[in-house]
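To start, the structure under review is shown below, and the notes come after it.
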Amino acid sequence: MSARQLRQVLSVLPFALSASGTALYSTYSFNPLEHLGGVAPYFEPQDPPTDPAPPQGCTPSRVAYLNRHAAIYANDYDYDEYIGPFVEKLENNTAIDWSKIPSLNFLADWTAPFSEAEAELLTQVGKLEATQLGVSLNLRYPQLRLPSKVWTSSAERTYKSAQSFVRGLETDNNQINVVSIYESKEAGADSLTPYKSCPAYSSSAGSDQSSVYKEKFTKPIMARLNALAPEFNFTSDDIYGMMELCGYETVVRGKSPFCDLDLFSPDDWLAWEYSEDIRYHYNVGYGNQVSRPVGLPWFNATANILMAHTAAEDMYVSFTHRELPPMVLVAMGLFNNSAFGGSEATINDTMPLDRINYRRAWKSSHVLPFMSNIAIERLNCTGSYGYDDGDYYRVLVNSASQELPGCGDGPGNSCSRAGFEKYVQDRVAMFAGFSEKCGVDYKNTTDVMTIYSDPSVGNGTVVGK
Ligand SMILES: *[C@@H]1O[C@H](CO)[C@@H](O)[C@H](O)[C@H]1NC(C)=O
Ligand SMILES: *[C@@H]1O[C@H](CO)[C@@H](O)[C@H](O)[C@H]1NC(C)=O
Ligand SMILES: *[C@@H]1O[C@H](CO)[C@@H](O)[C@H](O)[C@H]1NC(C)=O
Ligand SMILES: *[C@@H]1O[C@H](CO)[C@@H](O)[C@H](O)[C@H]1NC(C)=O
Ligand SMILES: *[C@@H]1O[C@H](CO)[C@@H](O)[C@H](O)[C@H]1NC(C)=O
Ligand SMILES: *[C@@H]1O[C@H](CO)[C@@H](O)[C@H](O)[C@H]1NC(C)=O
Ligand SMILES: *[C@@H]1O[C@H](CO)[C@@H](O)[C@H](O)[C@H]1NC(C)=O
Ligand SMILES: *[C@@H]1O[C@H](CO)[C@@H](O)[C@H](O)[C@H]1NC(C)=O
């Protein structure tokens, strides 16, 4: 068959062969909302695509969840650094007739989806995300008692997330209290925001490394947009802010023209995502030594409650900010780029600043979207073929079960009680010492988290409608 004949045959197939590189058999599709790091609306990335249902013969008998708060309008830093200046520049440049400019014509009548005053607040979409998680846990654990309380750090966005979650979980009004844990800078490890009381942690860590790759990937995008609208003089920060707006506008308005793949291509999004992953690697990930001692106390306290003979609650649920869940994952040894080779010493080599490591395990979009959650389940397994009856422990990250490295001797990525006990002890032996490793310079610090059993934190307050 000649090339011409082949083209004729193919031309009758019901899809466009020429449009944007589509080829025969291509099932390519791309959703930027799943590559937005810390501004991704909640989704379940199925990383890995393991079964969220308990393994055969196993029933959850006690569980703990650590949740990031749900979607907010924008965080202060993102607003001040990127989004605010872009919006102001847009307002200043009234002479540009955007309506005639391809892929940017929506800017002719686009307005910012929020003001600076709203920046840190939960959006309606955020309330829905948190309520949905409450309903999900209600369905997932019908055999467990509802908790008498859930814990949250004291910021409005975490508190309101906890309230919305409770409304989805409870079956009648006023069944579950919300307990607020003050975000003290002097609480040692004993809060849901221990990084705030760790002087060795800096919220700007990772910015320098991230901006190396940011400068690289935004350069051709700037050139392309500046060819379309030279008067605007798009900068690297403008591009970055526009890409953040895809996430933030979506969680405010339900959709955003900044997500259009004609404006930023799939490869542009993958590059943006990677620059964020570099930042989180050095900020709250394996590239920051303090992630280990700061993430450990929650893991240790929670593991011990789950292993205890009896406990006050069947469900321990807590809300915090984006920093803590990834640090806990590091303390647990999950999403470690070096897990199957390399070593602790070469971890930074896995996140080069000049090119994307597409095979990395560390993907912020997978571990810290809005409403991201880490669960540890205690499973009661009987008649689980090939395994002894008894207690097993399983970790879920956004519903995907994860095997703790070297602790996978149970069904469905779970770990036996003896294995889990040893795993926790080993992590404590390696990473304990919050106060010393954080260089704590205030009095009355502690290396241990006790909020779940400390009566002095109180019983919290009921959740109104
Ligand atoms: C917008 O214009 C005002 C007034 O000329 C100026 O002070 C401000 O720096 C401009 N902002 C941006 C982001 O260009
Ligand atoms: C474009 O913006 C950059 C960064 O703010 C600035 O250095 C440069 O002078 C601007 N160019 C023009 C033509 O305004
Ligand atoms: C990451 O994996 C490497 C290689 O297995 C290991 O040496 C290192 O301890 C791991 N890091 C953490 C924090 O678990
Ligand atoms: C990775 O880089 C960070 C930041 O420079 C540094 O503090 C850390 O010690 C490095 N990690 C290793 C294992 O070299
Ligand atoms: C575990 O499950 C078995 C079978 O359903 C049940 O008999 C046993 O009481 C359970 N044990 C605990 C500690 O819940
Ligand atoms: C020291 O910390 C404990 C536990 O957090 C607290 O109960 C106590 O009031 C603190 N004491 C002082 C003097 O701050
Ligand atoms: C770990 O938890 C146990 C049991 O609650 C506690 O005795 C120990 O001090 C904790 N260690 C750390 C470093 O959190
Ligand atoms: C919290 O609730 C428990 C159990 O109902 C009760 O014994 C205790 O007094 C309450 N604490 C406060 C501070 O109200």
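One-based numbering, in listed order, for ligands and for the atoms of each. FYI, side chains are in, hydrogens and waters are out, and symmetry mates aren't considered; it's all heavy atoms of this structure.
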| Less than 3.5 Å between some nitrogen or oxygen of K89 and one of ligand 1, yes or no? | no
Do you see a donor-acceptor pair shorter than 3.5 Å between the side chains of [X] and [Y]?
X: S61; Y: N380; result: no
X: D208; Y: Y282; result: no
X: E120; Y: Y79; result: no
X: H281; Y: N337; result: no
X: T446; Y: D190; result: no

| message | As a test of reading the model: which residues have a non-hydrogen atom less than 4.0 Å away from ligand 3? | response | Y286, R292, V330, G333, N336, S338, A339, G342, E344, R427, F431
| Salt bridge or not for D391 and R378, using N-O below 4.0 Å? | yes
| Can we say R224 and D268 salt-bridge, meaning some charged N sits less than 4.0 Å from an Asp/Glu carboxylate O? | yes
| remark: Note: ligand 7 atoms sitting under 4.0 Å from heavy atoms of A432 are 13 (C)
| said: Under a 4.0 angstrom heavy-atom cut-off, which atoms of ligand 7 come close to N300? | reply: 1 (C), 2 (O), 3 (C), 8 (C), 10 (C), 11 (N), 12 (C), 14 (O)
Where ligand 1 meets [X] - atom numbers and elements under 4.0 angstrom, heavy-atom basis:
X: E88; answer: 1 (C), 8 (C), 9 (O), 10 (C), 11 (N), 12 (C), 13 (C)
X: P85; answer: 13 (C)
X: N92; answer: 1 (C), 2 (O), 3 (C), 8 (C), 10 (C), 11 (N), 12 (C), 14 (O)

| Where does the angle between the aromatic ring planes of W272 and Y240 fall among parallel (under 30°), tilted (30 to 60°) and perpendicular (over 60°)? | tilted
| Centroid separation F258 to W110 less than 6.0 Å | yes
